[in-house]
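Scroll down for the structure; my scribbles are underneath it.
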Amino acid sequence: MGISFKEVSHLYPTSKRKVYTVALDHINLNINGTDEFVALVGKTGSGKSTLMEHMNALLLPSDGTVDIFGNIITPKKNKNPKLKNVRKKVGFVFQFPEYQLFEETVLKDIMFAGKNFGMSEEEAKQNALETARVLKIDDKLLTKSPFNLSGGQMRKVAIAGILAYNPDVILLDEPTRGLDPKTAEEIMELFSEIHKTTHKTIILISHDMDLVYKYANRVVVLNQSKIVFDGNKVDLFSSELYKENHLTKPEVLQMIDFLNESMGYTLSYQIYDEKELLEQVVKLHE
Ligand SMILES: Nc1ncnc2c1ncn2[C@@H]1O[C@H](COP(=O)(O)OP(=O)(O)OP(=O)(O)O)[C@@H](O)[C@H]1O
Ligand SMILES: [Mg+2]
C-alpha cells in the first residue's frame, strides 16, 4: 500500500472564463508506502508541486483518482474520505514555508500537527523540543513569532513541524531552497538518515541534480504536465533524456566524464558524490 495515481489530470482556472491551465495530464504513478526515495524533477512550471499536492489531497484531481493508503480521492469533494487520516500518514513540507506557519510562536507551530493528530500537550511539546534540537533550531527562537525569522530559519521550523509528528511518508518540495550550503547538506543528511533507519518513503522535489543524484533511488521526470521518465538515475543521466528535459548533469558525473576522457579512466556512473569519487580515484593509484 502507498500512493497510486490513475489517469489523473489537474486543471487550474485562468483569468479568462472557461480557459484552463493543464498542470497534470493523465498521470499514472505508483509509489510504495515504505522504503522509497523518489525525486520529482523537471523544469519550472512542469507540474511537480501540483503532482505533490495530490499526494496528500491538498488538491483534488480534475479527473482520475488518487489512492493514498486506501483512501480513494476523486474529483467529487463530498465523496472523499476524511482527509485527516491522509494528512496523518503523509506529511508535506511546502515549497514556501510561510504558507505552512501560522502559530504565535515557533514552538507552538512545531507542536501543532502532533496535537491535531491526537498527542497530549506534553507529548507534542517533548517531540517538538527533541525535533528542534535535532534540526539545531536555537532555543531562543522557540518563543519568537515564526514570521520574524529569516527564510532559512522559517524553512527549518516548517520541516520540524512535519518531522515532529512522525508521518509514514514525507513530501519535500524544494526543502533546501534558501538554506546556506552547510545547513542544506545537514538537512539532506538528516532525511537520508531517517530514510535509512525507519525505511520511510521520502519524495523530494529539487532543481539540484547533485542532491537528486546523491540521495534518490528513483527519479520521476515531468515535462509539460506529463511523466516522461520514471526509473533509475544512472539510466537517466547516461542517456540524452536529461538534456531534453532541461536538467543539468550532476557535478560528480561531469567529473567522471572528464577523468574518463582525459585520463583514460573507466569509472562507472555508480558513484554518487564527490567524496566517493575521490576515494575511488585514490584506490586506483594504490
Ligand atoms: N494556484 C495556481 N493557479 C493557477 N495556475 C497555477 C497554480 N499553481 C500552478 N499553476 C500553473 O500550473 C503549472 C504547473 O505549476 P507547478 O507549480 O506545479 O510547477 P512546478 O514544476 O512545481 O514549478 P517550479 O519548479 O517553478 O516550482 C504552471 O503552468 C503554473 O503556472
Ligand atoms: Mg514547484
Side-chain angles (χ1 to χ4, degrees), residues 3 5-29 31 37-66 68 73 75 77 83 86 90-102 151-152 154-156 158-159 162 169-179 184 187-188 191 202-213 215-216 218-231 233 236-237 241-250:
I3 303 176
F5 286 71
K6 278 206 189 78
E7 296 293 330
V8 173
S9 295
H10 190 87
L11 309 181
Y12 286 111
T14 64
S15 51
K16 285 199 193 120
R17 265 189 75 219
K18 295 192 179 166
V19 179
Y20 297 90
T21 303
V22 180
L24 295 177
D25 188 358
H26 295 89
I27 298 290
N28 289 293
L29 176 67
I31 295 175
F37 202 131
V38 184
L40 290 183
V41 303
K43 77 171 185 180
T44 190
S46 56
K48 303 177 296 297
S49 294
T50 304
L51 182 61
M52 192 170 263
E53 284 164 26
H54 283 79
M55 293 180 181
N56 82 343
L58 273 173
L59 291 176
L60 302 180
S62 307
D63 198 18
T65 55
V66 187
I68 307 171
I73 312 297
K77 216 175 190 171
L83 295 183
V86 170
V90 184
F92 196 134
V93 179
F94 291 128
Q95 181 166 6
F96 304 103
E98 52 275 32
Y99 293 176
Q100 191 171 330
L101 306 172
F102 58 91
M154 263 195 212
R155 185 168 293 282
K156 271 201 188 181
I159 291 170
I162 300 304
V169 171
I170 303 174
L171 307 178
L172 303 167
D173 195 346
E174 298 194 42
T176 57
R177 203 162 89 152
L179 297 179
I187 298 244
M188 284 311 299
F191 291 133
I202 294 184
I203 307 170
L204 164 77
I205 293 178
S206 182
H207 287 283
D208 184 336
M209 291 306 120
D210 297 336
L211 290 186
V212 167
Y213 206 65
Y215 294 105
R218 171 180 172 192
V219 185
V220 173
V221 183
L222 282 166
N223 193 338
Q224 293 187 353
S225 320
K226 289 190 169 79
I227 291 177
V228 291
F229 178 89
D230 179 357
K233 56 192 174 185
L236 173 64
F237 290 102
L241 255 166
Y242 75 91
K243 277 190 210 157
E244 291 160 17
N245 290 290
H246 308 267
L247 305 171
T248 53
K249 201 169 201 176

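For the numbers below, each heavy atom of this structure counts, side chains included, while hydrogens, waters and symmetry mates do not. When a ligand or atom number is given, it counts from 1 through the structure's own listing order.
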Show which side-chain atoms of residues 13-20 pair as donor or acceptor with protein atoms under 3.5 Å away, not counting sequence neighbours.
residue	atom	partner	partner atom	Å
T14	OG1	K16	N	3.2
T14	OG1	K16	O	3.2
T14	OG1	V19	O	2.7

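- Nearest protein heavy-atom contact of atom 24 (P) of ligand 1 is T44 OG1, 3.4 Å.
- Using a 4.0 Å cutoff on heavy atoms, E53 does not count as a contact of ligand 1.
- Residues that satisfy the side chain to side chain donor-acceptor pair (under 3.5 Å) test with Y215, not counting sequence neighbours, are E189.
- The protein non-hydrogen atom at the shortest distance from atom 21 (O) of ligand 1 is K48 NZ, 2.7 Å.
- Residue contact annotation: G42 has no non-hydrogen atom under 4.0 Å from ligand 1.
- Inside a 4.0 Å radius of atom 31 (O) of ligand 1 there is not any protein heavy atom.
- For atom 1 (N) of ligand 1, the closest non-hydrogen atom on the protein side is Y12 CE2, 3.8 Å.
- Distance remark: protein heavy atom present below 4.0 angstrom from atom 7 (C) of ligand 1.
- The protein atom (non-hydrogen) at minimum distance from atom 27 (O) of ligand 1 is Q95 NE2, 3.0 Å.
- K48 places a side-chain N or O within 3.5 Å of a backbone atom of K43 that can act as its donor or acceptor partner.
- Here the protein heavy atom with the shortest distance to atom 15 (O) of ligand 1 is T50 OG1, 3.9 Å.
- The single protein non-hydrogen atom nearest to atom 17 (O) of ligand 1 is S49 CB, 3.9 Å, given as residue, atom name and distance.
- Cation-pi geometry between K249 and F237 is not met at under 6.0 angstrom from the ring centre and within 45 degrees of the axis.
- Contacts with ligand 1 closer than 4.0 Å are made by side-chain heavy atoms of T21 only, the backbone lying farther away.
- Heavy atoms of M52 stay at 4.0 angstrom or farther from ligand 1.
- In this structure, the side-chain contact (heavy atoms from CB on, under 4.5 Å) partners of E7, at least two apart in sequence or on a different chain, are H26, N28.
- In terms of protein heavy-atom proximity, atom 28 (C) of ligand 1 is closest to G45 O, 3.7 Å.
- Here the side chain of R155 pairs a donor or acceptor atom with the backbone of Q95 at under 3.5 angstrom.
- Within the protein, the N, O or S atoms sitting under 2.8 Å from the Mg ion (ligand 2) are S49 OG, Q95 OE1.
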